[in-house]
Every structure is written in structure tokens, then in C-alpha cells.
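Each remark here refers to the structure printed beneath this line.
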Amino acid sequence: MSKQFLQSKNEGDKYKFFMKATQLEQMKEDYSYIMETKERTKEQINQGEERLTELKRQCLEKEERFQSIAGLSTMKTKLEHLKHEMAWAVVNEIEKQLNAIRDNIEIGEERAARLDRKMEEQQVRLNEAEKKYKDIQDKLEKISQETNARAPECLALKADVTAKKRAYNEAEVLYNRSLNEYKALKKDDEQLCKRIEELKKSTDQSLEPERIERQKKISWLKEKVKALQDQESSVNQEIEQFQQAIEKDREEHSRIKREELDVKHILTFNQKQLKELKDSKTDQLKRFGPNVPALLEAIDDADRRGLFTYKPVGPLGACIHLRDPELALAIECCLKGLLQAYCCHNHADERVLQALMKRFYSPGTSRPQIIVSEFHNEIYDVRRRSAHHPEFPTVLTALEIDNAVVANSLIDMRSIETVLLIKNNSVARAVMQSQKPPKNCREAFTADGDQVFPGRYYSSENKRPKFLSRDVDSEISHLENDIENKKAQILNLQQHLSALEKDIKRNEELLKRCQLHYKDLKLKIRKSISEIRELENIEEHQSVDIATLEDEAQENKSKMKLVEKNMEQQEEKMEILKSVKIEAENKYDAIKLKINQLSELADPLKDELNLADSEVDNQKRGKQHYEDKQKERLDTLNKKKRELDLKEKELEEKMSQARQICPERIEVQKSASILDKEINRLRQKIQAEHASHGDREEIMRQYQEARETYLDLENKVRTLKRFIKLLEEIMTHRYRTYQQFRRCLTLRCKLYFDNLLSQRAYCGKMNFDHKNETLSISVQPGEGNKAAFNDMRALSGGERSFSTVCFVLSLWSIAESPFRCLDEFDVYMDMVNRRIAMDMILKMADSQRFRQFILLTPQSMSSLPSSKLIRILRMSDPERGQTTLPFRPITQEEEEDRS
């Protein structure tokens with residue numbers, strides 16, 4: 001052992017050896033056992049507490065049964081009291097119901113009064129709308145009457161202008177004729193004077209050949225005049241044709257110019273709509289106007305700042321959805337401007353919204369309509385006044401409207417519950433006009449947007465929906481195609497205008513040529529006629545007396561004076577007719593302008609009349625709506641009053657019954673239903689107690705046993721808890737003491753070990769690790785390399801045996817066992833180490849005489865000193881081949897001899 005102990009044993013085994021030798025291991029095991037016992041005791045306590053809970057429940061049940069038997073009379077008394085309370089509780093509930101009915105009647109009367117006020121306001125609005133409608137109608141009739149009154153005057157002025165033109169033209173013709181006659185007379189006068197001079201100079205009377213030649217020339221000139229007159233007639237016809245062509249081209253030019261302006265207006269509108277549609281691809285609200293998103297943001301901001309009672313709703317078109325996309329155009333034509341309208345709860349909200357709109361709509365531009373109507377959370381019940389058809393929907397049923405305010409506004413403003421939607425035009429005519437229209441149906445719209453009344457049919461100007469179309473890309477494509485078509489149409493119209501302008505210019509040039517040709521022909525005719533007259537005047541000039549010619553010349557001059565005077569008169573007449581003609585033309589133009597202005601005034605008035613008509617219908621429907629609500633409210637009030645009378649009679653009956661049960665009224669806090677449940681439960685309890693009344697002693701005995709068992713177990717559990725608490729305190733103290741004791745033993749062992757090693761000039765070290773339960777020992781002999789301080793294998797057998805003896809002796813110094821045994825401790829020691837070891841053992845044995853030391857060694861003990869404290873027993877050598885030792889009991893005598 002001494003050879004291998006310090007080398008072969010690991011540090012954990014050394015620590016266990018130390019713990020066993022010092023009996024610390026036993027203390028540790030006792031502590032662990034106590035802790036396990038404590039945990040088991042805690043489990044028992046937990047089980048006891050569970051059992052205690054069960055026993056407590058059983059004990060309470062037994063106690064309740066015991067008390068129920070003891071308090072049976074109390075329960076009966078309580079039952080009677082509950083019956084009294086029940087009687088007056090029923091009275092209280094009926095009184096509460098009566099109060100509620102009275103409150104409802106008061107509220108209903110207040111609402112009826114409010115409805116009366118609203119009906120009065122609605123009547124005022126209806127009167128205003130009818131007055132507005134009548135004013136517009138009167139204006140329109142006045143304009144129509146004025147137009148009709150001016151029509152005959154216009155026709156008369158037109159005829160007068162035509163007559164004045166004709167008279168002026170005739171005067172001009174007469175003047176021109178007189179002028180020509182004057183010129184001819186003047187020429188004749190010149191010729192006569194010339195002829196007289198010639199006759200005076202001429203004496204030759206033989207001019208017969210000249211006369212014949214003149215006759216031939218006269219005949220030729222007459223034929224020439226006839227041909228020229230025929231040519232003049234033809235040229236005159238050409239002039240008239242050219243004038244008619246120019247007038248026709250100018251009328252066509254004006255018509256196409258107007259058409260070009262209309263197409264340009266449509267093109268501008270389509271381009272604007274295309275821009276809005278493209279913008280609406282990113283923001284659908286821009287369909288209802290470019291300023292709508294900014295306006296809605298301003299409304300949200302104002303609502304956050306609390307400027308509105310209720311946030312306005314709109315535009316209405318953004319709050320509705322189509323069930324059938326094919327009806328989009330029909331619904332747009334029906335609702336028109338309402339799609340862009342907004343709804344406000346009251347006029348204060350309307351004023352705030354108007355102020356916001358001023359920021360986004362410049363003065364003079366049209367703003368969205370604002371509808372002021374009190375907001376309701378439920379859609380109107382229009383089943384009684386809505387149109388019904390098995391095949392065709394109304395506008396209300398064709399729309400999906402999530403917001404009740406939007407639906408109610410459209411019902412109020414447009415009566416969408418009475419408007420049918422019929423896709424086919426012919427079917428719509430048949431339904432509305434060929435037979436009696438469906439009940440409550442006022443009008444219908446077709447898929448093309450046409451409006452159908454029982455006696456009228458209006459075609460729509462719109463071809464595609466603007467606000468409600470779902471396929472924006474298709475609408476954009478259609479608009480782009482329309483824009484291209486309109487541009488091509490404008491180009492064609494401009495080309496046509498250019499062609500017309502060229503035709504007009506060409507015809508005017510041709511007309512000018514014909515007029516010049518006509519004038520030339522006139523001059524040639526007049527010249528030829530003059531030559532004929534001259535030749536005729538020269539006839540037989542030989543025989544004509546000069547005096548006669550002079551008389552003729554004098555007569556011609558008189559004629560010239562008369563013609564000149566006539567010319568002056570014709571000129572004056574022509575100037576007068578010209579001024580009259582201009583005055584008549586001015587009057588005609590003025591009255592025609594006035595009629596056109598009246599027509600222009602009538603167009604917006606017609607639109608206003610339609611709006612006013614719609615407004616009157618809306619106000620009538622609003623009035624009817626309030627009347628229906630008032631009727632329903634009055635019916636409800638009458639019903640409530642009848643119910644109040646019945647409840648008052650019922651209250652009198654219940655109060656008389658309650659006084660029979662309990663004459664004095666009791667203040668009851670509980671309801672009748674709760675009291676009824678308590679009475680039933682108490683009755684069942686009394687019946688159960690009556691049923692179990694025969695086992696009263698048994699119940700008392702069970703209650704006593706359960707109570708005693710519960711109290712006994714509770715006492716035990718309480719005692720165990722106190723024991724566990726005390727045990728925990730004790731074990732905590734003992735564990736701290738145990739750690740302190742272990743630390744003291746460890747320190748004493750180290751000191752004894754160092755002291756024993758120092759007797760041979762050895763030095764050593766013992767390291768205890770209580771956490772990991774290890775013990776490391778290192779020994780350094782007095783001589784040798786100090787680098788081998790921790791290497792135990794470097795020690796010789798005697799050194800290791802000596803170190804082991806020192807270790808064992810240090811353990812003996814701290815151990816409390818009465819016996820010390822050591823076997824073959826000096827086998828590998830040399831004489832010096834054996835002597836030192838024996839001296840140390842003997843010295844320790846001498847210092848601990850109350851303990852017995854037993855040493856076993858094969859070495860000779862003859863060197864030990866003689867002492868009565870030392871007893872040496874030597875065993876005989878064993879025989880060779882001996883397998884067992886011949887032990888026998890030693891007698892007392894032998895023992896005494898040995899001693």
C-alpha cells in the first residue's frame with residue numbers, strides 16, 4: 001500500500017479516503033438522507049393539503065345540510081318575504097315599462113313635431129321650387145311669345161326689304177334707261193346739228209346709191225342687234241347662274257365653317273376628357289375633375305380640425321358601383337351632375353365646403369352641386385313607392401351603394417327607385433308608351449342613354465360613359481380614335497372650305513368677266529341702235545328741208561331737257577329708295593338679331609326649366625317622404641298610446657294583487673326574474689329538506705365526524721409544516737457548521753502532515769477541492785531536484801512509505817475512532833525511515849493513550865524499547881505446503897504466561 005497509495009490512487013479516491021477517515025462522509029450521507037426525508041415529508045404535506053381541501057368541501061356540504069335542516073323555518077319565512085317582494089317587483093317592472101312607453105311617446109311626439117317642421121320647411125322649399133319653375137316657365141313663355149310676336153314682323157320686314165330692293169333696282173333701271181335715252185338724244189342732237197351743217201354745205205341731191213347702201217347697213221345692223229340681244233340674254237342667264245352658285249357656295253362655306261367650329265369644340269372637349277382619363281389611371285378621383293383629389297384632401301384636413309359636424313360625402317359617383325357595366329351610360333344620363341355632387345349634414349357644413357371649393361374653383365367656373373340633407377345610417381324604405389318590373393331593374397337596384405347617405409341623397413334628388421333601366425330602345429318604347437307603364441315608374445333609360453317618358457322620347461347626345469366606365473383603357477382608346485377622327489374631319493372640312501373658297505373666287509372671276517361681257521354687249525347694242533337711228537335719220541336727207549331738221553333739233557333738245565329732268569327725278573327717287581332700303585335692311589337685321597338673341601336666351605332657360613322641374617319633383621318626393629314618415633310616426637304613437645292604456649290597466653290589476661299579498665309596499669332592488677329564480681331554488685331546497693328530514697341525526701353525526709376528521713388532518717398538516725420549517729432552519733445551521741468543521745479538519749490535516757514530514761526534513765503540500773471532491777498530495781524530500789516537487793513517482797519506495805505513514809498519521813490526528821490499525825507500513829522503508837516512522841507512531845500512541853494502536857509488519861520489532869504500553873505478538877513461521885493455520889483457542893493460563 002505504501003508503495004502504490006500515493007502514486008496509483010487518484011485524487012477523488014484520496015478525498016473519499018479522507019472523508020471516510022474523518023467520518024465526514026457519514027455526516028454528508030446523514031444530511032442527504034435528512035433532505036430526502038424532508039422532500040418526502042413535503043410531498044406528504046401536499047397530499048395532506050389536497051385531502052384537506054376535499055375534507056373541507058365534504059365538511060361544508062355536511063354543514064350546509066345540517067344548517068339547512070336547522071334553518072328550514074328561516075327558509076320558509078324567507079320564501080314568504082320573497083313572494084311579497086315578487087308581487088311588488090312585478091309592479092315595479094310594469095311601472096318601468098310604463099315610464100319607458102311614456103318616454104317613447106314623448107320622444108315620438110318630439111320627432112313628430114320635428115317632422116312637422118321639416119314638412120313645413122319642405123313645403124316652403126317646394127313652393128320656392130314651384131315658384132322658380134313658374135318664373136322660368138313664364139320667362140320662357142315670354143321669350144317664346146316675344147319670338148312669335150316678332151316672327152310676323154320679321155317676315156314683313158324681310159318682304160319689305162325685298163320690295164325695297166326691287167323698287168330700288170327698278171328705279172335704278174329707270175334711271176339707267178333715262179340716262180341711256182339722254183345719251184342717245186344728245187348724240188342725235190349732235191348728229192342733227194352736224195347734218196344741218198352738212199346740208200347747208202352740201203348742194204348735191206343725187207345720193208341714191210348711198211341710200212341703198214344705208215338701207216343694207218341698217219338691215220345688217222338690225223340683225224347684229226338681234227344677235228347681240230340673244231347673246232345678252234345668254235350672258236344674263238350665265239350671270240344669274242354664277243350668282244346662284246356663289247350664293248350657294250357661300251352658304252355652304254358658312255355651314256361648314258360652323259361645323260368646323262363645332263368639331264373643334266368637340267375635339268377640345270375630347271382632348272380634355274382624354275387628359276382626365278389618363279390622369280384617372282393613377283387616381284380615379286380625377287375622373288370627376290382635376291381638382292377633386294386636392295379638394296378631398298382639404299375636406300379630410302378640415303374634418304380632422306373639427307370644422308364639420310359630419311364629414312361631407314362625395315363625389316357621389318365615386319361612392320357607387322355598377323352591377324351591370326352595360327348600364328353605365330344609362331345611369332350617367334339619369335344622374336347627370338349628381339355624380340359630381342357632395343352631401344352635407346347641415347347648412348353650416350355646406351358653408352365650410354363652399355369656402356373650401358372657392359380655393360379650387362375659380363369664379364365663373366361651374367362648381368359641383370352641394371346637397372344638404374340630414375345624414376342617416378339606414379337607407380330609406382322605398383318598397384311601397386318604388387317601381388317593380390319582373391325583367392328590368394331600377395337605378396337603385398342596379399347600383400351597389402355602401403353608404404346610406406349616398407343612397408338616400410340619390411333617392412331624394414332623382415327618385416332612382418322609380419326609374420327603370422331597359423337596354424333595348426324598342427323594348428323601352430313598348431314598355432313605356434305602347435302600354436300602361438309599370439306601377440310607380442315615371443321614366444326609363446336605355447343602354448344608349450335615351451330618356452323614355454310615357455308620351456315623349458329624348459335621344460341622348462352622349463355616346464359613351466364618362467364617370468362610371470370600368471374599362472379606362474378602352475375609353476382612352478375610343479377617345480383617341482375619336483380625336484383622330486375629329487382631326488381628320490377638321491382636315492377634310494378645311495380642305496372642303498379651301499375648295500369652296502377657290503370655287504367662290506373662280507365663280508366671282510367668271511361672274512366679273514360675264515358682267516364685263518354683258519356691259520360690252522350692252523354698249524354694242526346701244527351703239528348699233530344709235531347707228532341704225534343715225535342711218536334712218538339720214539334717209540332722204542336730200543329732200544328734207546333744213547328748217548325741218550332745225551325744228552327736229554329743237555324738239556330733240558326739248559326732249560333732252562325733259563329726259564334730263566326725269567333723270568334728276570329718278571336719281572332723287574333712287575337715293576330715297578336706297579336710304580329706305582338700307583333702313584329696312586337695318587330694321588330686318590336688328591329684329592333678326594333680337595330673335596337670335598331670344599333663341600340664345602331660351603336655350604339655357606330650357607335647361608334651367610328641366611332642372612327646376614327635377615327640383616320640383618325632388619321636393620314633392622321629399623314632401624311625400626316626410627308625409628309617409630309622419631304617418632308611420634303617428635301610427636307608432638297611436639300604437640304606443642294604446643299599449644300605454646293596456647299597461648295602465650295591467651298595473652292597476654297587479655297593484656291590487658300585490659296589496660292582497662302584501663298590503664304595504666316594499667322597496668325591491670332585484671328584478672322579478674331574479675326573484676322568481678330565487679323562489680324556485682328555495683322551494684326546491686325546502687322540498688329536498690323535507691325529503692331528507694327523517695335522517696336528521698345521521699346528518700348531524702356525519703357532520704361531526706367530517707368536522708373532526710378535517711380538524712385532525714388540519715392539525716397534522718400544520719404540525720408538519722412547522723416541523724419542516726424548523727428542520728430547514730436546523731439543517732441550514734448544521735450545514736454551515738458542517739462546512740466550518742470540514743474546513744477545520746482540512747486545516748489540521750495539512751498542519752499535521754507538514755509537521756510529520758518536517759521530522760525528516762521533507763516538505764509537502766495537500767490541496768483540498770471540496771467542490772470537485774478531490775485531494776492532491778505532493779512531497780519534496782530534503783535533497784534532490786526541486787523541479788520534481790509534484791512528481792510522486794520520483795520518490796523511492798521508502799520515501800513513498802514514509803509519506804504514506806505521515807498521511808495516515810495526520811488522518812489519525814483528526815479522526816475520532818478508538819482504534820488505529822496499520823498493516824505492513826514499513827515494508828519498503830530503509831532502517832532510517834523505519835525508525836523515524838516507528839518513533840512517530842509510538843510518540844502519537846503515547847500522546848493518545850485512550851486509543852489502541854495495532855501495527856502489523858513482517859519486520860523485526862526488537863529495536864522497540866521495552867514499555868508496559870507496548871505489546872508485541874510474534875507469529876510462528878508457516879510450514880511449507882501448509883494450506884491452513886493451526887489456530888486453537890488460547891487458555892487463560894497461556895495468555896497470562898505470554899503476558
Side-chain angles (χ1 to χ4, degrees), residues 104-105 107-127 129-130 316 319-320 323-324 327 330-331 334-335 338 343 371-422 428 431-433 435-445 451-455 613-643:
N104 289 333
I105 290 173
I107 293 170
E109 289 175 349
E110 290 177 0
R111 290 180 178 174
R114 284 202 301 270
L115 283 174
D116 287 334
R117 289 194 295 272
K118 287 185 178 179
M119 285 174 62
E120 292 173 359
E121 293 173 359
Q122 190 69 28
Q123 184 65 43
V124 171
R125 288 196 291 270
L126 177 60
N127 294 336
E130 288 177 346
L316 299 186
C319 304
I320 61 176
R323 299 182 189 274
D324 186 356
L327 298 174
I331 293 173
C334 175
L335 300 180
L338 290 175
C343 296
I371 302 167
V372 180
S373 179
E374 185 177 352
F375 286 3
H376 297 282
N377 295 326
E378 295 182 358
I379 299 176
Y380 296 151
D381 186 3
V382 295
R383 287 175 292 182
R384 289 189 299 173
R385 65 172 187 266
S386 63
H388 296 284
H389 196 280
E391 297 182 25
F392 309 115
T394 63
V395 176
L396 179 61
T397 56
L399 293 174
E400 291 181 0
I401 307 176
D402 298 329
N403 194 327
V405 174
V406 176
N408 294 337
S409 298
L410 294 178
I411 290 170
D412 289 338
M413 299 300 295
R414 193 61 184 85
S415 297
I416 59 175
E417 77 279 9
T418 64
V419 182
L420 287 179
L421 298 175
I422 305 171
V431 171
M432 298 297 295
Q433 296 176 351
Q435 56 190 1
K436 185 178 179 181
K439 183 181 178 182
N440 298 328
C441 180
R442 298 175 56 253
E443 57 185 307
F445 283 85
Q451 189 175 12
V452 187
F453 289 95
D613 187 22
S614 301
E615 181 67 19
V616 170
D617 291 339
N618 292 334
Q619 297 302 333
K620 286 181 178 178
R621 285 193 298 273
K623 181 184 176 184
Q624 185 64 37
H625 168 70
Y626 286 123
E627 288 176 353
D628 294 341
K629 287 184 71 175
Q630 181 70 317
K631 185 179 178 182
E632 292 176 4
R633 184 70 62 191
L634 291 175
D635 292 341
T636 305
L637 276 174
N638 294 330
K639 185 178 178 181
K640 290 287 184 184
K641 288 178 180 178
R642 289 193 296 272
E643 185 180 355

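Not measured: the values here are computed from a predicted model.
Between Met119 and Glu627 the shortest side-chain heavy-atom distance falls below 4.5 Å. Contact check for Glu443 versus Cys334: no side-chain heavy atoms found under the 4.5 Å cut-off. Side-chain contact check for Thr394 versus Thr418: every heavy-atom pair is 4.5 Å or farther apart. Using a 4.5 Å cut-off on side-chain heavy atoms (C-beta onward), Leu410 and Ile320 make contact.
Contacts of His389 classified as ring pair (Phe, Tyr, Trp, His ring centres under 6.0 Å), with partners at least two apart in sequence or in another chain: Phe392. Under the salt bridge (charged side-chain N to carboxylate O under 4.0 Å, His left out) criterion, Arg125 pairs with no residue at all, not counting sequence neighbours. For Asp381, the side-chain contact (heavy atoms from CB on, under 4.5 Å) partners two or more places apart in sequence, or in a different chain, are Arg383. Remark: Arg384 engages Glu632 in a salt bridge (charged side-chain N to carboxylate O under 4.0 Å, His left out) (not counting sequence neighbours). By the side chain to side chain donor-acceptor pair (under 3.5 Å) test, Asp628 pairs with Gln624, sequence neighbours left out. Taking the side chain to side chain donor-acceptor pair (under 3.5 Å) definition, one finds that Asn403 meets it with nothing, sequence neighbours left out. Residues passing the side-chain contact (heavy atoms from CB on, under 4.5 Å) test with Cys319 are Val313, Val406, sequence neighbours excluded. Every residue meeting the salt bridge (charged side-chain N to carboxylate O under 4.0 Å, His left out) condition with Glu374, not counting sequence neighbours, appears here in chain and number order: Lys118. The side-chain contact (heavy atoms from CB on, under 4.5 Å) check on Gln433 picks up Arg429, Val452, Tyr457, with sequence neighbours excluded. Checked against side-chain contact (heavy atoms from CB on, under 4.5 Å), Thr636 has the following partners two or more places apart in sequence or in another chain: Lys640. For the salt bridge (charged side-chain N to carboxylate O under 4.0 Å, His left out) test, no residue two or more places apart in sequence or in another chain qualifies with Lys629. Shown here are the side chain to side chain donor-acceptor pair (under 3.5 Å) partners of Asn408, two or more places apart in sequence or in another chain: there are none.
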Inset, instruction - Before giving the answer on side-chain contact (heavy atoms from CB on, under 4.5 Å), spell out for Arg385 and Ile411 the whole-Å C-alpha distance, their side-chain angles and the decisive distance to 0.1 Å. - result: CA-CA 11 Å; Arg385 65 172 187 266; Ile411 290 170; 3.7 Å; yes
Legend entry - Stepwise side-chain contact (heavy atoms from CB on, under 4.5 Å) test for Arg111 and Ile107: CA-CA 6 Å; Arg111 290 180 178 174; Ile107 293 170; 3.6 Å; yes
Inset, instruction - Might you work through the side-chain contact (heavy atoms from CB on, under 4.5 Å) test for Arg323 and Glu400, ending with a clear yes or no? - result: CA-CA 7 Å; Arg323 299 182 189 274; Glu400 291 181 0; 3.5 Å; yes
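At most 12 heavy atoms of other shown residues, nucleotides or ligands fall within 6.0 angstrom of atom CG in Asn377.
With rounding to the nearest 0.5 Å, the separation of CD1 in Ile105 from CD in Glu643 is 8.0 Å. The CD1 atom of Ile331 lies 10.5 Å from the CZ atom of Phe445; values are rounded to the nearest 0.5 Å.
Across all non-hydrogen atoms, the minimal contact from Leu335 to Arg414 is CD2-CG, 4.1 Å. Across Leu637 and Glu109, no two heavy atoms sit closer than the pair CD2-N, 3.8 Å. Nearest heavy-atom pair across Ala444 and Val419 is CA-CG1, 4.5 Å. Across all non-hydrogen atoms, the minimal contact from Ala398 to Leu421 is CB-CD1, 3.6 Å. Residues Met432 and Pro438 come closest through the heavy atom pair SD-CD, 4.4 Å. For Cys441 against Pro437, the heavy-atom pair with the smallest separation is O-CB, 4.3 Å.
Using modelled atom types, one side-chain atom of Ser386 and one backbone atom of Val382 make a donor-acceptor pair closer than 3.5 Å.
Among the candidates Leu316, Asp412, Val372, the single residue satisfying the side chain to side chain contact (heavy atoms under 4.5 Å, CB included) test with Cys343 is Leu316.
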